[in-house]
Asks: 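I have a structure here, written as structure tokens, and I will follow up with some questions on it.
Please read these numbers as outputs of a predicted model, since none were measured by experiment.
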Amino acid sequence: MSAAQKYPAPAVMGPESIMSKKAHGTSATPVQENLRWKVDQEVADRICNFNRHYAEYSGYFQNVPEFMNQTNDTPADKEITF
């Protein structure tokens, strides 16, 4: 991807310096504790602060029972707010 590549609004491309090394990967601090659905903090921290290319492993969300329970209990015409 080119740094000059444009994306439609509301996407805003920031400078490469956003991802520069900081005190904790690309952030000053680790990911917060007690994440929703009991998501693994180490996984979230790796994705958010030590990752440039991908997110969680394929199917990870299927191994988070609290999330799966909420999705299964939510009617198809309703939304889950992330």
Asks: So, using side-chain contact (heavy atoms from CB on, under 4.5 Å) as the criterion, who are the partners of K21 when residues are at least two apart?
Replies: none
Asks: Work out which heavy atom in R36 is nearest to a heavy atom in I80; give both atom names and the distance.
Replies: NH2-CG2, 4.4 Å
Asks: Looking only at heavy atoms, what is the nearest atom pair of A23 and A28, with distance?
Replies: CB-O, 3.8 Å
Asks: Could you state the interatomic distance from NE2 (H24) to OG1 (T26), rounded to the nearest 0.5 Å?
Replies: 8.5 Å
Asks: Calculate, to the nearest 0.5 Å, the distance between atoms CG and CD belonging to D40 and E56 respectively.
Replies: 11.5 Å
Asks: Can F50 be reached from V39 by stepping across I, L, V, M, F, W or Y side chains whose heavy atoms are under 4.5 Å apart?
Replies: no
Asks: Using every non-hydrogen atom in the two residues, find where A44 and L35 come nearest and quote the distance to one decimal.
Replies: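 Here A44 and L35 meet closest at CB-CD1, 3.6 Å.
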Asks: So which heavy atom on T74 is nearest to which on E79, and how close?
Replies: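 Minimum heavy-atom contact is CG2-O, 4.4 Å.
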Asks: Donor-acceptor pair, E33 side chain versus Q41 backbone, under 3.5 Å?
Replies: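 No; zero donor-acceptor contacts below 3.5 Å.
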Asks: Verify, without hydrogens or angle tests, whether D45 (side chain) and V31 (backbone) share a donor-acceptor contact under 3.5 angstrom.
Replies: yes
Asks: Hey, is NZ on K22 packed in by over 12 heavy atoms from elsewhere, all under 6.0 Å?
Replies: yes
Asks: Quick check on N72: does its CG atom have over 12 non-hydrogen neighbours (other residues, nucleotides or ligands) under 6.0 Å away?
Replies: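 Result for CG/N72: enclosed.
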Asks: Mind telling me whether F82 and F67 have parallel, tilted or perpendicular rings, with 30° and 60° as the class edges?
Replies: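 Ring orientation, 0 to 90° scale: tilted.
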Asks: Which pairs pass side chain to side chain donor-acceptor pair (under 3.5 Å) with one or both residues in residues 57-70, sequence neighbours excluded?
Replies: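 Listed by first then second residue: W37-Q70.
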Asks: If you group Ile, Leu, Val, Met, Phe, Trp and Tyr whenever their side-chain heavy atoms sit less than 4.5 Å apart, what else falls in with I18?
Replies: M19
